[in-house]
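Chain identifiers are assigned alphabetically (A, B, ...) following the order of the sequence lines, protein sequences preceding nucleic acid strands; residue numbering begins at 1 within each chain.
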2 protein chains.
Amino acid sequence: MRIAELSRRTGVPIPTIKYYTREGLVPPGERTGPNQARYDETHVRRLKLARALVEVGGLSIASAREVLTLMSGPGLSTLETLGKAQYALTPRKERTEDETWRRAAAEVDAIVSERGWQVRESNPARGTLIDALATLRRLGHDDFFEILGPYAEAAERLAADEVKLLMRRGDLEGVLEGLVVWTALGETVLASLRLLAEEAEATRVFGAF
Amino acid sequence: MRIAELSRRTGVPIPTIKYYTREGLVPPGERTGPNQARYDETHVRRLKLARALVEVGGLSIASAREVLTLMSGPGLSTLETLGKAQYALTPRKERTEDETWRRAAAEVDAIVSERGWQVRESNPARGTLIDALATLRRLGHDDFFEILGPYAEAAERLAADEVKLLMRRGDLEGVLEGLVVWTALGETVLASLRLLAEEAEATRVFGAF
DNA sequence: CATCTATAGATAGCATCACTGTCCACTTAT
DNA sequence: ATAAGTGGACAGTGATGCTATCTATAGATG
């Protein structure tokens, strides 16, 4: 197919397809002449995937390129793919490791070892979590630390379900795509459900319509 | 105190403080002359809060202004504050309500009524969730729908814990600040814990170090 | 075969966002 | 007296995610 059909099938404007191709989110079409190229189903799929990551998952173009590349790239193990997907998903930023930060770090490590989690110290989510907890403490909202236990427990249960589901897929390729898609979109799903549940619970407790 | 001290105490550069003041995230200092103003502890607190929402919670300047304003603004009820905080927290975007979308919407409403949640149809998280599910289906990852049940259940339990915690605070002001802070930062905390748990679970199942 | 539309690739332009820097006429501190 | 700090206005900056335009060509249609 030509680019117009690719655009029609995916709903992505042609200039944006060109942009994504330049940025490496989508591979270029197979050239058939100096100004002609053909696209196939793999392009359709890849483009849809790219759009989903960017629009729904909220990934930056750079992050989306990273996860898309590693998903279909050289044969990494599932665990390696997860690690790199998580790395790509987490915005990096430099931090100042003051006293409050180190205390929060110790608390995170306590939770992790308490639950028997085996997690690399370089996992970027660890840093993000420590930052969030340190901020909470600096603001004097220490009481929220009490619900970290339930939060961690819930996360653990959900992770078990997710992995079980992924393993049901026969092919490695399907597992990897599922991993990438769900790592990115699952966050949105979980966040939304949490907000809905909060409103429901707040209505139950405070509300009196 | 003068602006230099405000900057020192919060770690926010002076030009940024001026910018935040212009944008309404922080109230202006109390004027004592044509080019002099004084700041107090309320400014320190407000500025720290603003920074936390922007840097850790990832809110835009406009969203941060909204939640900060409603937090200390005219006396809204807890429920109203939650609603507006959620509204400010969710990026709005226009959507196309095609067949897949409507089907996803029905599924979301089914989950909500199944759990007996009372949720306004206008809750922005509802739209976000529907979008995410529709995208998942368009990509052919329907099997993830199976874990929506556990996800919703987890969200419900967490929401109950959060509200219980908030209610322990005596003053309405504390409740509202906690609500805003935790609505924004809790998302980061939960997302991080989920990623950590995923790595731990993946290591347990796939790993063989 | 003429003509019209479509195309690839290159380059430039645009809008938004979150700052950051500069300037001025002033205080305030030493 | 002099140096440093200040509030406010406004301009500039760098990153990001597109869009628009241009050119030389290719395919589609009468």
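- Within residues 23-51 of chain B, the residues approached by DNA chain C to less than 4.0 Å at the level of any non-hydrogen atom are B/Pro34, B/Asn35, B/Gln36, B/Arg51, in residue-number order.
- The side-chain tip of A/Arg137 points at the ring of A/Phe145 from less than 6.0 angstrom away and within 45° of straight on.
- Atom CD1 of B/Ile3 and atom C1' of D/dA4 are 15 Å apart (whole Å).
- Of the residues listed (B/Leu179, B/Leu49, B/Val181), the one engaging B/Met71 in a side-chain contact (heavy atoms from CB on, under 4.5 Å) is B/Leu49, and it is the only one.
- By the 4.0 Å N-to-carboxylate-O rule, A/Lys48 lies too far from A/Glu55 to be salt-bridged with it.
- Atom CD1 of A/Ile61 and atom C1' of D/dT19 are 14 Å apart (whole Å).
- Atom pair B/Leu59:CG and C/dC19:P shows a separation of 12 Å (rounding to whole Å applied).
- Nucleotide C/dG9 holds its P atom 17 Å from the OH atom of A/Tyr19, rounded to whole Å.
- No donor-acceptor contact under 3.5 angstrom links the side chains of B/Asp98 and B/Thr96, judged on distance only.
- Within residues 6-15 of chain B, the residues that have a heavy atom under 4.0 Å from DNA chain C are, in order of number, B/Pro15.
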Inset, instruction - For side-chain hydrogen bond (donor to acceptor under 3.5 Å, both in side chains), just list the numbers for B/Trp117 and A/Glu201, CA-CA rounded to whole Å, side-chain angles, deciding distance to a tenth of an Å, and then say yes or no. - result: CA-CA 8 Å; B/Trp117 291 353; A/Glu201 179 66 12; over 6 Å; no
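- Put simply, B/Thr16 has no side-chain N or O that comes within less than 4.0 Å of OP1 or OP2 on C/dA18.
- Put simply, NZ on A/Lys93 is 19 Å from P on D/dA15, counting in whole angstrom units.
- Ring geometry, A/Phe144 versus B/Trp182: the interplanar angle falls under 30°, so the pair is classed parallel (tilted spans 30 to 60°).
- Contact annotation: A/Tyr20 does not reach the phosphate of D/dG17 (side-chain N/O to OP1 or OP2, under 4.0 Å).
- A/Arg2 comes within 4.0 angstrom of the backbone, heavy atoms only, and of no base.
- B/Ser60 comes within 4.0 angstrom of the backbone, heavy atoms only, and of no base.
- Nucleotide D/dT16 holds its C1' atom 13 Å from the CZ atom of A/Arg22, rounded to whole Å.
- We find that NZ of A/Lys18 is positioned 10 Å from C1' of D/dC22, with the value rounded to whole Å.
- At whole-Å resolution of the value, CZ in A/Arg65 and C1' in D/dT16 are 12 Å apart.
- Remark: the backbone N or O of A/Pro124 is not paired with any side-chain donor or acceptor of A/Gln86 at under 3.5 angstrom.
- By the 4.0 Å N-to-carboxylate-O rule, A/Glu97 lies too far from A/Arg102 to be salt-bridged with it.
- When atom types are taken as modelled, the side chain of B/Arg92 and the backbone of B/Thr90 share a donor-acceptor pair closer than 3.5 angstrom.
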